[in-house]
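These notes concern the structure reproduced below.
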Amino acid sequence: MSSKRSSNEAQISFSESCSKRVQLEREKKPVEERFLSALNIFILPAGIQKARLSILKYQVLYYGGKVQDTFDSTLNYSHVIVEDNIDIPRMKRILKLDSVSDLRVVKTSWLSLCLRNKKMENFEDFQLKEEEKSNLNSLHTEVKTTSCHTKQARPVPDATEVSDYESSDEDGQLAGKNLHGLSHLKPPQTEKWICAQSSKSPRPNMNKHITDKLEEMVKTYESTNDRWRALGYQKAIQTLRKHPKEISSWEEAKSLPSIGARLADKIWEIAQSGELRKLKEFESSKELQILKMFTNVWGAGPHTAQLWYQQGFRTIADLEEKANLNHQQKVGVRLYDDFLDRMPREEAAEIEQVVKRAAEAIQPGIIAQTCGSYRRGQPTCGDVDVLITHPDGKSHKHVFHRLLADLKQSGFLTDDLVSAEETGNQRKYMGVCKLPGQNRKHRRIDVIVVPYSEYACALVYFTGSAHFNRSLRHLCKKQNMSLNEHALKQGVVRKGAEKIYEGTVVPTPTEESVFKMLKIPFRPPEERDH
Ligand code: DCT
Ligand code: MG
């Protein structure tokens, strides 16, 4: 790609993004936020990805600096910015200059550092000088990292990204050893799967500053029913969480699975500036904020939220007073604040005890186990998911209605949302409970009664997390199996997404047996919090 072409494209996209709006925003900014006001720069477009160039220019303008679109040797630039891999001879060739001794030539990683730290950083470590013998592969042109946030374009992927199994050397060696009866040494390919890994992995999320922003994008797209975009962002988040190091170039982001050019643009924008313009636009959109609020009403999805908005409702009070609500939405609106508040796990434990005691009074020997985030050891829970069964395989059948009746009678269950949902041999109740005493909040509770033969699969499913479950299901597909809250099946035949043969149920007496069948190590609940 010629640098000229890239420069022109960049300017088109730049002029689109830096319209009057940027100028106006800039003028409104207090002086301390215009920390780049001393800059009057030219950015050499060569080697800089189009979107990244546009972002850099936008950000410099936004924080009070000046950017010249074309190079003019008579102008007095504060800095001329060049991509990290460009050396002085190449820069001179591109700009048709005999000498650059009058210019302060600085690498883009300096600009990124300033934008990230929101202050003018010292540029000297990033400066390229005429007399330096620049060489792409020489250490002399390497940027000295003054901060762990310093960005450099580095070759990817990093060796640690590739699992042992995928490493061709290792594979080759093992293939040779197979002949000598060492085939058991070859690690199973399941190792790569999320569900095979502990969520308590010693490796932290190195890109949390990016995934946090992308999570916000997911929430927004979910509230507007843009499921494909939401899914695309979710996949990218999963990939970034697994990535062993901080993203340090657009190319690195783009090289990762599930990340295309547009997502790489967004990721790189956050990596460089700590911000995402698109998210800021969303956050400043009143309509989107209201849609988000409406989709948080229990029983309302994106379509209903849209409808309410079109009907002119703007607040939860509007809904309460004027909207035509069904039973669930009425409960959702009345208890809006309580439902948004996550309860401490101690309160979830108290709720579990109330249900356990009531179930035990009906049928001795009954098992009542809280699953979900509580079982995964989270400090707070959005709701309480109680799974009930009986080891004799039959006594659970009589418990469901009596248990709910008793809990309503005692005043513990205050509202029903879904009185009884039957799927196969399982029954699910969704409602609201409140512990006795002053200052107690209403809490969401699900009670699920299952036959003992389905208990292990139900435990796995209702313990989650949802992300962990998705990974389990994908892994099943790869092994011609299927898994849901009822059973694990093997010998499943699929044609594309369609199941041609349902397969046969594999007995799974314990959670451990489910993991074993899938050929992954057993993970206790607190290690499934992905
Ligand atoms: N689940 C799932 N897929 C979903 C939603 C839920 O597999 N889309 C499973 C995994 C968790 C379990 O059901 C209970 O669901 P929630 O209560 O919604 O989730 P949680 O992990 O308990 O989180 P929270 O604390 O918010 O309730
Ligand atoms: Mg839950």
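Counting starts at 1 for both ligands and their atoms, in listed order.
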Distance under 4.0 Å to a non-hydrogen atom of [X]: what atoms of ligand 1 satisfy this?
X	value
R342	24 (P), 25 (O), 26 (O)
D385	14 (C), 17 (O), 22 (O)
C381	25 (O)
N469	2 (C), 7 (O), 9 (C), 10 (C)
G372	22 (O)

TODO: First locate atom CD of E222, then atom OG1 of T295, and finally report the distance between them rounded to the nearest 0.5 Å.
DONE: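 One gets 8.5 Å once the value is rounded to the nearest 0.5 Å.
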Open item on the list: For a distance under 2.8 Å, tell me if D385 has an N/O/S atom near the Mg ion (ligand 2).
Closed with: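 Yes, D385 qualifies, because one of its backbone or side-chain N, O or S atoms lies under 2.8 Å.
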Open item on the list: I'd like to know if the side chain of D392 pairs up with that of H390 as donor and acceptor (distance under 3.5 Å, no hydrogens or angles considered).
Closed with: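 Per modelled atom types, D392 and H390 side chains form a pair under 3.5 Å.
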Open item on the list: Is it the case that the side chains of E454 and Q426 hold a donor-acceptor pair, with the cut-off being a distance below 3.5 Å and no angle test?
Closed with: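 A pair is found: one side chain offers a donor N or O, the other an acceptor, under 3.5 Å apart.
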Open item on the list: Taking the basic N atoms (NZ, or NE/NH1/NH2) and the acidic carboxylate oxygens, is any pair closer than 4.0 Å for K408 and D416?
Closed with: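 Here K408 pairs with D416 in a salt bridge, since their nearest N and O are under 4.0 Å apart.
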- [ ] Have a look at D415 and tell me which of R334, K330, H327 forms a side chain to side chain donor-acceptor pair (under 3.5 Å) with it.
- [x]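 Testing each of R334, K330, H327 against D415, the sole residue satisfying side chain to side chain donor-acceptor pair (under 3.5 Å) is R334.
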Task: Atom of D383 nearest the Mg ion (ligand 2) (restricted to N/O/S, atom name only) - done: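 Per the distance ranking, D383 contributes OD1 as its closest N/O/S atom to the Mg ion (ligand 2).
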Please report which non-hydrogen protein atom sits nearest to [atom], along with the residue it belongs to and the distance in Å to one decimal place.
atom	answer
atom 12 (C) of ligand 1	F462 O, 3.3 Å
atom 25 (O) of ligand 1	S373 OG, 2.6 Å
atom 8 (N) of ligand 1	A466 CB, 4.2 Å

- [ ] Please indicate, with yes or no, if any protein heavy atom is found under 4.0 Å from atom 3 (N) of ligand 1?
- [x]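 So far as the 4.0 Å threshold goes, atom 3 (N) of ligand 1 is in reach of a protein heavy atom.
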Open item on the list: If we count only non-hydrogen protein atoms and require a distance under 4.0 Å, does atom 21 (O) of ligand 1 qualify as touching the protein?
Closed with: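 At least one protein heavy atom is under 4.0 Å away.
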Can you tell me which portion of [X] lies within the under-4.0 Å heavy-atom range of ligand 1? Options are side chain, backbone, both, or neither.
X	result
D383	both
Y461	both
R376	side chain

- [ ] Measure the acute angle between the ring planes of Y233 and Y221, then classify it against the limits of 30° and 60° as parallel, tilted or perpendicular.
- [x]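 Judged by the thresholds at 30° and 60°, the geometry between Y233 and Y221 is tilted.
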TODO: Let me see the working for E526 and R345 under salt bridge (charged side-chain N to carboxylate O under 4.0 Å, His left out), right down to the final yes or no.
DONE: CA-CA 14 Å; E526 58 276 15; R345 65 177 286 108; over 6 Å; no
- [ ] Taking all non-hydrogen atoms of both residues into account, name the closest pair between K489 and E502 and its distance.
- [x]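 Taking every non-hydrogen atom into account, CD-O, 3.3 Å.
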- [ ] Check T389 against V450 and note the closest heavy-atom contact, atom names and distance.
- [x]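 Closest approach of T389 to V450, heavy atoms only: OG1-O, 2.8 Å.
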Open item on the list: For Q378, state whether at least one heavy atom is located under 4.0 Å from any atom of ligand 1.
Closed with: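 Q378 does not count as a contact of ligand 1 under the 4.0 Å cut-off.
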TODO: Going by the salt bridge (charged side-chain N to carboxylate O under 4.0 Å, His left out) test, name the single residue among D341, D383, D338 that passes it with R443.
DONE: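 Result: among D341, D383, D338, D341 is the only option passing the salt bridge (charged side-chain N to carboxylate O under 4.0 Å, His left out) with R443.
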